[in-house]
Each structure stands twice: as structure tokens, then as C-alpha cells.
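What follows is one structure encoded as C-alpha cells, with my remarks underneath.
Each ligand, and each atom within it, is numbered from 1 in the order the structure gives. Quick note: numbers below take in every heavy atom, side chains included, and nothing from hydrogens, waters or symmetry partners.
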Amino acid sequence: MPRSTEIRQLNDHVGEEVTLTGWVEATRAHGKVAFAVVRDGTGIAQTVFFKKELDPEVWERHAALTQESTVAVTGEVREEPRAPGGYEIAVRDLQVIHTSAEYPIQPKEHGVDFLLDHRHLWLRSSQQRAGLKVRAEISQATHDFFYDRGFTRIDTPILTGAIGEHAGTLFETDYFGDTAYLAQTGQLYVEAACPAFRKVYCFGPTFRAEKSKTRRHLTEFWMVEPEVAFADSDDNMRLQEDFVTYLVERALERCSTELEILERDTSVLERIKTPFPRISYTDAVARLQEKGSDIEWGRDLGAPDEVSLTEDHDLPLFVYNYPKQAKAFYMKENPDDPRTVLCDDLLAPEGYGEIIGGSQREDDLDRLRERIAEEKLPEEAYDWYLDLRKYGSFPHSGFGLGIERTVAWITGRHHIREFIPFPRLMNRLNP
Ligand SMILES: NC(=O)C[C@H]([NH3+])C(=O)NS(=O)(=O)OC[C@H]1O[C@@H](n2cnc3c(N)ncnc32)[C@H](O)[C@@H]1O
Ligand SMILES: [Mg+2]
């Protein structure tokens with residue numbers, strides 16, 4: 001293969017002859033001048049062909065180019081303010097590596113099911129590339145945030161025998177004649193890591209067999225789950241707002257090009273500063289009722305409730321201390337109101353709703369055992385988890401941030417399926 005220069009580095013090679021290798025996005029010709037837009041995975045570049053300067057066969061090769069053909073284009077880098085990135089290549093040679101078959105995704109409107117059926121190709125389009133670059137940056141920022149603050153990364157199991165969240169949304173699989181579940185959360189395992197490392201986090205795929213077709217639900221999504229020993233619910237909310245603010249700042253700092261391609265109004269993001277407003281669940285219900293909702297105390301908040309609560313806010317909103325019956329077994333009872341638990345959801349503004357669920361954990365052995373029994377969970381599957389309350393129990397809290405929901409909010413896009421490379425939905429398992 002010829003040594004090629006990456007498009008992202010063209011500004012270092014003005015006046016030099018370089019070779020680009022990549023895919024043809026579009027071609028056009030006007031008389032004796034022709035163009036090809038080439039994508040190499042690090043950017044796009046305009047290449048220009050001057051008929052009078054080229055071997056006739058090079059000119060002919062250009063004329064035969066099809067969308068997504070792979071090429072090696074050699075020529076001089078010239079500054080051209082009208083070209084993408086401000087540079088173009090004045091072509092001397094064009095080698096065709098592969099002539100693409102007729103490409104199904106044409107520069108026109110396609111339905112979302114067609115695009116999802118062709119997700120393995122749709123990835124190549126500029127807005128999908130931009131969205132996944134933001135996801136990649138947010139993922140890297142996540143590791144940087146926790147590493148810089150002394151957290152230890154713990155890789156928690158995907159195959160498990162313990163029900164982490166809701167018994168009704170498990171994916172089961174046969175495990176040598178036994179039953180295993182795809183992890184709904186890494187939480188129980190990062191709790192076990194706290195006495196070893198004090199503050200830890202896991203970051204990986206989690207699975208929910210939720211029969212939800214909303215724009216906020218995937219059956220496989222990536223979640224970041226920090227856990228901190230000797231931190232209470234208030235500490236937990238402070239860590240959440242520091243983390244979310246860090247992610248937003250990182251996107252603004254390093255993804256400006258991508259946010260522009262996604263047509264994001266970044267002024268909204270520039271206003272995201274701590275502290276975030278907080279409202280108790282009880283006060284939230286009262287506010288919703290004032291707004292005309294028929295919600296009754298005790299019911300979990302649905303998406304419309306979350307939208308209604310956040311429509312008056314530019315900042316993410318904490319709703320804290322939900323009713324015990326609306327939340328998971330592991331959450332610590334609120335000593336000031338035993339009907340509620342010490343937890344929070346963080347609701348993103350602009351109608352995006354819940355991006356984080358977090359709580360302080362029940363650290364009393366007998367109380368946790370009672371909650372497992374009340375939820376009719378198989379106690380034997382939690383023997384090891386109960387051990388954490390037998391051998392040096394400790395107050396601790398943590399949370400789960402959904403990456404796809406967070407990136408959808410940061411980019412201002414509608415559906416979270418665009419922010420995972422190959423989305424898994426209720427009715428989609430391929431490609
Ligand atoms: N370590 C913890 O305390 C986390 C805790 N065990 C947990 O899983 N909480 S959560 O169910 O609210 O999910 C947390 C977040 O995970 C995201 N989430 C949760 N479910 C989904 C689905 N189905 N699709 C996409 N994203 C989802 C969403 O942002 C939620 O706020
Ligand atoms: Mg939740």
C-alpha cells in the first residue's frame with residue numbers, strides 16, 4: 001500500500017505531494033475540471049482534477065468512479081478556503097482500489113427502518129460519524145474524569161446469577177444447565193469492590209428486556225456506574241453534577257465540529273454549571289398536580305412528568321427521595337420518612353428526562369434481607385451481596401449514567417439509537 005497521509009493532518013503538508021486513501025463520497029465534473037470528495041475516516045477532502053494536466057486514463061478513471069469506491073489519490077495539497085477543511089488536493093494520479101457496487105444510501109431522504117437495516121453502511125454518513133465521535137469523546141472523558149479523581153476501574157461481569165434491577169426485565173440464558181442473566185447493572189459488583197478500593201467505577205454494556213419503544217430505551221445500552229464508600233446521597237448528587245458538567249465541557253471543548261454537523265445550539269450547553277437544582281419527589285408531585293397532572297403520591301414519574309418538571313429549567317434537575325415502592329430493593333430507607341428511600345434521578349433539560357439513577361445503599365444486613373424478601377427475590381442469589389453487610393458494612397452510594405441518553409441530550413438529537421454503533425431495540429437484533 002502507498003504511504004498515505006491522513007486528511008486530519010493536511011494542514012501540515014501544504015505545498016507537498018501526498019497520497020490519500022479512502023472512500024469516494026461524491027464526484028462532479030464541469031467541462032475540463034472535475035472533483036471527487038474523499039473520506040478517509042479522519043475527515044473529508046476535496047480533490048480536483050484538471051484535464052489538461054492529467055494522463056487521459058486518470059481522467060477516465062475519475063469519470064468511472066462510483067459512490068463509496070475506494071481510491072488512492074496522489075496530488076499537491078493547496079489551500080482552498082471554499083473546500084472542506086480549507087484545503088484541496090490538485091490530483092496527479094488516481095488509483096482505484098475497488099469500484100463499489102451501486103451504494104444503497106443515496107444523498108436523499110431514507111426512512112429510519114431502511115437506515116437501521118443498513119446501519120453497517122449508515123455509520124459512514126456525516127451525521128452518524130459525528131454522533132459516534134461525540135460518544136467516543138464522552139466515553140474517553142468518562143475514563144479521564146474518574147482516573148483523575150483516583151477511582152479504580154472495575155470490569156464487572158456480563159453473565160450473572162443475581163437480579164440487579166428489576167426481575168421483569170431480565171434476559172435469561174442457559175448456563176450449563178443453570179440460568180444466567182445478562183447484567184442489568186454492574187452496581188452490586190462495584191459495591192463489593194469498595195472495601196478494596198474505596199471509590200470505583202464500571203463502564204460497559206448492560207441489558208434490559210424492556211418492552212419499551214420510546215426514544216429513550218435500548219435493550220442493550222452502556223452505563224457508567226461509580227460507587228463510593230463513606231459517601232451519602234448528598235455526596236452522590238454532588239459527584240453526579242460534577243461529572244455531567246465535566247462531560248458537557250469536554251464536548252464543547254473537543255467536539256465543536258461534530259456539534260456543528262449535528263446542528264446543535266451550543267449556547268444551551270454553555271449554560272450548564274453546578275449546582276443543579278433539586279426537588280424532592282413529594283414536592284415534585286405537588287408541582288405536577290398544580291400543573292394539572294393526575295399523578296398521585298407513590299407512583300413513579302413517567303416521561304411526560306419529567307418533561308413537565310424540567311420545562312422551567314435550563315439546568316439538569318435532581319428529583320430525590322422517591323417512594324420505596326417505586327424503587328429497587330437495595331436503596332436505603334430515608335430515616336426522616338420511611339415511606340421514601342435516599343435516591344435521586346437526574347433529569348436532563350429540553351425534554352430528555354432521566355439520564356442518571358442513583359442512591360445510597362442499604363447497609364444494614366437485616367433491613368436489606370427484609371427488602372429482598374419483600375421484593376420476593378431469591379435470597380440465595382444474594383448471599384455474597386449480603387456478606388458486604390456482614391463483614392465491615394459501610395455507608396456508600398453510587399449511580400448509573402446512561403451514555404446514549406446523555407449523548408443524545410448533549411447533541412440535541414431525538415433518538416438514542418443513533419448513539420450506539422449497532423442499536424438493539426425490542427424489534428431489532430441485526431445488523
Ligand atoms: N449504579 C446504579 O446505582 C445504577 C442502578 N443500578 C441502575 O441501573 N439505575 S437505572 O435503572 O435507573 O439506570 C441508570 C441509567 O441507565 C440508563 N438506562 C436505563 N435503562 C435504559 C434503557 N433501557 N435504555 C437506555 N438507557 C437506559 C438511564 O440513563 C438511567 O438513568
Ligand atoms: Mg432509573
I356 heavy atoms, cut-off 4.0 Å: which ligand 1 atoms fall inside? 31 (O)
Checking side chain to side chain donor-acceptor pair (under 3.5 Å) against T340, which of N334, T282, N321 comes through? N334
Going by atom types only, do S69 and S100 share a side-chain donor-acceptor pair under 3.5 Å? no
Counting both backbone and side chain atoms, is some N or O of G358 under 3.5 Å from an N or O of ligand 1? no
R28 NZ/CZ over F35 ring centroid, <6.0 Å and within 45° of normal: yes
Any N/O of E354 closer than 3.5 Å to an N/O of ligand 1? yes
With a 6.0 Å cut-off on ring centres, are F151 and F145 close enough? no
Using distance alone, determine whether E165 and ligand 1 share an N or O pair under 3.5 Å. yes
With heavy atoms of Y330 as the reference, note each atom of ligand 1 found under 4.0 Å away. 5 (C), 6 (N)
Residue part near ligand 1, for W409, under 4.0 Å between non-hydrogen atoms: neither
If you measure every N/O of G402 against every N/O of ligand 1, is any gap under 3.5 Å? yes
Would you check whether S359 has a nitrogen or oxygen atom less than 3.5 angstrom from a nitrogen or oxygen atom of ligand 1? no
Does R216 have a heavy atom less than 4.0 Å from any atom of ligand 1? yes
With backbone taken as N, CA, C and O and side chain as the heavy atoms from C-beta onward, which portion of R361 lies under 4.0 Å from ligand 1: side chain, backbone, both, or neither? side chain
Contact check: Q187 vs ligand 1, nitrogen or oxygen atoms, below 3.5 angstrom: yes
Nearest non-hydrogen contact to atom 10 (S) of ligand 1 from the set E225, R208, E191 belongs to R208
So how many protein N, O or S atoms does the Mg ion (ligand 2) have within less than 2.8 Å? 1
N or O pair under 3.5 Å between H166 and ligand 1: no
Whether E404 lies under 4.0 Å from ligand 1, heavy atom: no
Who gets closest to atom 15 (C) of ligand 1 by heavy atom: G186, P423, A328, G400? G400
What part of F399, side chain, backbone, both or neither, has a heavy atom within less than 4.0 angstrom of ligand 1? backbone
Taking both backbone and side-chain atoms of G357, is any N or O found less than 3.5 Å from an N or O belonging to ligand 1? yes
Best match, F221, Y201, W222: closest heavy atom to atom 27 (C) of ligand 1: F221
Could you tell me whether some N/O pair between I416 and ligand 1 is separated by less than 3.5 angstrom? no
N or O contact, T185 vs ligand 1, cut-off under 3.5 Å: yes
Do R389 and Y391 form a cation-pi contact, if we require the NZ or CZ to be under 6.0 Å from the six-membered ring centre and within 45 degrees of the ring's axis? no
